[in-house]
Amino acid sequence: MRSCRCGLVLTVAAGLMGGRNCWADDPAKRMNPGMRYYVQSCKDSSCALVERGFQGEYFDLYTTPIQSHYAEVVWDILPPVELPADVKNRFANGVMAVTGHEVNVIRRSPNGEETNVPSYESYNHHYVAHIKGKGSDAIIASREETESASMNNAHSRQIRFVPNGKSPGTGLPAQGTFSGHNGNEARQTYHGLPDNMVVPVEAPEQLLFGPMQINTRNPDGSGRRCAGDCPLPRASKAPFNATYSGLLECPCTTRVTKEFGGYLTQASGVCNGPITTSTECFAAAATVVSQKKHGVAKNFTVSVATVPHGCFVKSGEQGTFEAVFNSLNSSSVPCGALPPGSKPILSGAQESVVGLALVVDGNTSMVTITLTVKSPPGTWYGVGFNASEMAALPYAIVVDGAGGVTEHKLADHQAGTVLKASPGLSVVSQAYSGGIRTTVLQRPLAGSTPDHYTFSTKVTSLPFISAVGSSSAFSQHTARAAATINLVQENSPTCVCRSGVGKINGFPFDPHCLGEPQSDLIKQNNPTCDISLYSGGLACCRGGVTLLDADQNVTSPLDTVYFKWRFYYTEWDPTIHTNTFHLEWQFGHIEYDIPKAPANTSPSDAVHVLTTRFTMADFMNMGNANAAGCDGTNEWCANFELAEKRGIHLVSGGFHCHSPACMGGELYNADTGELLCTVTPIFGNSTEALNEESYIWLPPCQWGNGTDGLAKSPLLYPSTNLTSIKRGSSLYGHTGVMAIWQSRGALGPEV
C-alpha cells in the first residue's frame, strides 16, 4: 500500500479546494492507466456524456488473495486491510474526506508485477466496501446468521458499525460506504464525486471488503478464453460459443437440493409448483382448508381429463370439502373452471396475531371481513392486506379500543395516513365472548382510491400482517405477525399448489418479491419469486459452491487474484465540503430472471422490461439498510426529519446491472414526468482486460451546481414519487440479473 500526492495538476476550481487538494486528471497517472471516465449529465429530460477526473491525494490498497478453482464461488467478507500508516496517523484525530476511488482486479507475480485480470477469467458478481474509523467496531454477521436467513436485499454478510467510545469527538461518521455500481462494471465506471461532495470518515483505519467472485478461467490452464469448450452445467442459459461465461449467471446445478415449504390455493391457470403425489396432496389440502368450518371430509384419487391435473379441493356436502388428486398429467382443464353463467365466491380463514376470515363474493361484488383477536376490550387491533411487512406500505383496517373502524395507508414502521372511509363500508357486528373480540365488516371489492386495496375473485392466496396494541388509539404495537390466507372457490375445483418458498441447499428461500405498484415481478410471474421456478441466482451461488453438475469432475489450476483500490481524499473542511450518503432501490427484489423471447424474435424486439414505482422515502430506507449502521436518524445518513425540511439533492445516480443482458435504466420524477437520469451500458469489444467483449461498464449520472460542467441537482423530498424502467436483452434467457439504483444524495440547504 502507498499514499501519494497528485502528480500532475491540470486545473483548480476557484474557491473549490485548498490545502493539498488537486485534480488528478491525467489519465496516464491513474491507477488504471489510460482509463477515461465518464458520467451522464441530465437536464430537462436530456442527458449527455461528460468526462470526469479525480481530485485530492490518494493511497492504494490491496486486498488479501482470493483463491479458487474453475467454477468455484468465493463470497465472503475478507480480512480487513489496514490503511497506510501515514494516513492513519494524519487523521487519527481528524476527518478524511473521500472524493472518489478506483478499483480493479489484478494478479501479482512473485516479483511484484501486476497484470489486469479479464472478466471472462474472474468475474466480480458484486461487492460491498466500507472504510472503518477507530471510533466504531464492525459487527459482521456470522455464517450461521447469514445462511439461516433468506436472500432478500443483501449483497453480503451483514455488517453493522457500532460506536466503541474511541471516537476523537468530531461528530462526523466513523465509517463510509463505497458500494455503488459494485460489480464487474466497477473497474471502468467513474467513482468520483462532484465538486465539494465527499464521504467523510473520522479517524479512518481499515478497509472492509466483501466480494462475490466467480472463477470462469479456462480450466485447461492455457490462459485461452473459453470458446464453447469449457464445461457448463446443464441449467446454463448461455448459447454455445458465447463470448461470456454462463457461470456468471449462477445456474442451479444438479448438486442443488430444493425443499418445498407451504402450500397455496389457485383458481386460474395451472400451478407453478404442482403437487406430484396423492400423499402430499391430501396432507396439503388438509392444511389449506383446516380452518374452514368442517375441513376435508373425503380424499379421492382419479385419472381423468375433465378436472385439473394434480391436487385440488372442491365443495362437498354440508359445508365440507373433498380433496382430489388427478394423476392424469395431460389434463388441460385449468384451476377454478366455473360452470357457465356462474360467478366465483371465495372464502377462507387464517389464524395469526389477529385472525382473518374473508368471503369474496363475485355475485354481490362485496367482501366480508372478519377480524378476531384474543385481547381485552379497550385496545386497538388491525390487519394490513397484501403485504408481509410494513415496508410494503399496505392498506390496513384498524379497530380501536372503543370499536371504531378506520382505514389506513401504512408507512414503513410508521402510522402512515388515515384514509377516507370506503363508500359502502359497514360494521356488520361486534362481539366480545370468552376473551375473544370479533368484528365483522363489509365493503365493496373495488378500492375507492389507489390507496384502498382492491379485493379480487382472482386472488386466492393473500399475504397479510396483523398487530395489536396496548392503547385505545392506533399507536406502537405490542405484538405483530405476518401470515397468508388461502381462499377456496366454493363452486369449482380450487387447485392446491406448492408455495413459492422453501429451502435451497438447506437454506431458507423466501424472496418476498414486491408486487404492484412497486414492482412488475409478481405480475410477470418471474421465476426468482417462486422456488418451483427458480433456476439460477444467489441462492444457488453461495460461497464455496461449485457451479458444475454433480457428474462434471473438472480439474483446474488454483487461481489467485486481488482487488486493488485507490482512494482519493483530502482533509475535511466544513466550510466547503458537503457530506453525501448512500441511497438504494431494488426493482422488487435483489435479483430476477429475464425469460427468453419467443422463437424468431428479432434482436431489436427481444427486450424484457421491468418497471418499479417507489418514493424517495423508499430510496432512503433501503440506502440506510445497506449503509451498515444508518437508521434514518443520524444526520450523516439519509435523515428523514431533516429531509422533510430541507429536501435531498441527488448527487450521483449509479445503476447496477449485469453483463451481458443489461441495456440500461431510466429514472423519472413521477410527479412531474421529468427524466432525472438514464444509464446506458458501454460494451467492450476485444479480449483485452478492461475491454472484454460482452462485458459492460456503466457511466453514472451526476449533478452539480450548474456551473461546474454538470447539470444542477434536483431537490426531492421523501414523498416524491419516482418511476424507473430497466431494459434487458431477452434474445437468450438470463438468471439472477439485477436492477438496482445505488446512488448518493446530500441534504438541501438549511432553512
Side-chain angles (χ1 to χ4, degrees), residues 123 125-126 151 153 181 183-185 235-239 242-252 269 272 500 511-541 585-614 654-668 670 675 677-683 693-698 722-742:
Y123 179 79
H125 190 279
H126 64 262
M151 293 291 183
N153 71 353
H181 24 78
N184 155 78
E185 75 275 10
S236 170
K237 297 184 182 298
T243 51
Y244 64 94
S245 171
L247 298 180
L248 64 86
E249 296 180 326
C250 293
C252 296
N272 287 335
H512 294 293
C513 290
L514 297 179
E516 292 186 296
Q518 290 178 297
S519 175
D520 294 344
L521 286 177
I522 293 177
K523 178 182 177 181
Q524 294 179 0
N525 196 29
N526 198 274
T528 202
C529 303
D530 192 318
I531 191 172
S532 297
L533 304 178
Y534 192 85
S535 63
L538 295 176
C540 292
C541 219
W585 182 252
Q586 301 165 4
F587 282 47
H589 189 46
I590 192 170
E591 63 179 358
Y592 71 101
D593 287 6
I594 295 178
K596 184 177 180 179
N600 301 319
T601 302
S602 67
S604 61
D605 292 330
V607 179
H608 178 266
V609 178
L610 183 65
T611 301
T612 180
R613 301 163 188 86
F614 60 110
F655 192 67
H656 176 57
C657 56
H658 288 180
S659 305
C662 179
M663 299 174 69
E666 301 159 11
L667 179 66
Y668 294 87
L675 173 67
C677 174
T678 183
V679 174
T680 303
I682 299 174
F683 282 80
E693 184 181 0
S694 293
Y695 294 83
I696 64 171
W697 57 100
L698 296 158
L722 303 169
T723 297
S724 188
I725 299 170
K726 153 75 184 298
R727 292 180 173 85
S729 171
S730 60
L731 194 61
Y732 302 100
H734 303 277
T735 58
V737 304
M738 294 184 175
I740 307 175
W741 285 104
Q742 298 167 325

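We count residues from 1, following the sequence as given.
With a 4.5 Å cut-off on side-chain heavy atoms, Lys726 and Asp520 do not count as touching.
Separation of atoms CD1 (Ile696) and CZ (Phe683) is listed at 5.5 Å; rounding is to 0.5 Å. A distance of 8.0 Å separates NE2 of His181 from CD of Gln742, quoted to the nearest 0.5 Å. The line from OG1 of Thr723 to CZ of Arg613 is 6.0 Å long, rounded to the nearest 0.5 Å. Here SG of Cys250 is found 14.0 Å from NE2 of His734. Values are rounded to the nearest 0.5 Å.
Between the side chain of Glu516 and the backbone N or O of Lys523, no donor-acceptor pair lies under 3.5 Å. No donor-acceptor distance shorter than 3.5 angstrom exists from the side chain of His125 to the backbone of Tyr123, with no hydrogens or angles considered. Side-chain atoms of Gln518 do not come within 3.5 Å of backbone N or O of Phe614 as any donor-acceptor pair. A donor-acceptor contact shorter than 3.5 Å is absent between the side chain of Glu185 and the backbone of Ile682. Counting only distance, with no hydrogens or angles, the side chain of Thr528 and the backbone of Asp593 share no donor-acceptor pair below 3.5 Å. Listed for the Arg727 side chain is no donor-acceptor partner under 3.5 Å among the backbone atoms of Met663. Not one N or O on the side chain of Ser519 forms a donor-acceptor pair closer than 3.5 Å with the backbone of Thr612. The main-chain N or O of Pro511 is found under 3.5 Å from a side-chain atom of His589 such that the two form a donor-acceptor pair. Listed for the Tyr534 side chain is a donor-acceptor partner under 3.5 Å among the backbone atoms of Ala539.
The two residues Ile740 and Ile590 come nearest to each other via the heavy atoms CD1-O, 4.0 Å. Heavy atoms only, all atoms of each residue included: His608 and Ser730 are closest at N-OG, 3.9 Å. Between Thr735 and Ser535, the closest heavy-atom pair is CG2-OG, 3.6 Å. Ser694 and Tyr244 get closest at one heavy-atom pair: CB-CB, 4.0 Å. Of all non-hydrogen atoms in Ala739 and Tyr592, the two that sit nearest each other are CB-CE2, 3.9 Å. Of all the heavy atoms in Gly246 and Pro251, the pair that sits closest is O-CD, 3.5 Å.
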Apply side chain to side chain contact (heavy atoms under 4.5 Å, CB included) to Ile594 and Glu249, showing your working.
CA-CA 11 Å; Ile594 295 178; Glu249 296 180 326; over 6 Å; no
Step by step, would you call Leu248 with Asn184 a side chain to side chain contact (heavy atoms under 4.5 Å, CB included)?
CA-CA 10 Å; Leu248 64 86; Asn184 155 78; over 6 Å; no
Going through the distances and angles, do Trp585 and Ser724 end up as a side chain to side chain contact (heavy atoms under 4.5 Å, CB included)?
CA-CA 10 Å; Trp585 182 252; Ser724 188; over 6 Å; no
Please lay out, stage by stage, how Leu521 and Leu514 fare under the test side chain to side chain contact (heavy atoms under 4.5 Å, CB included).
CA-CA 7 Å; Leu521 286 177; Leu514 297 179; over 6 Å; no
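Relative orientation of the Phe587 and Phe655 rings is perpendicular, given thresholds of 30° and 60° on the angle between their planes.
In this structure, cysteines Cys662 and Cys657 have SG atoms closer than 2.5 angstrom.
The aromatic ring centres of His658 and His126 sit 6.0 Å or more apart.
By the side-chain hydrogen bond (donor to acceptor under 3.5 Å, both in side chains) test, Glu693 is found to be paired with no residue, residues two or more places apart in sequence or in another chain being considered.
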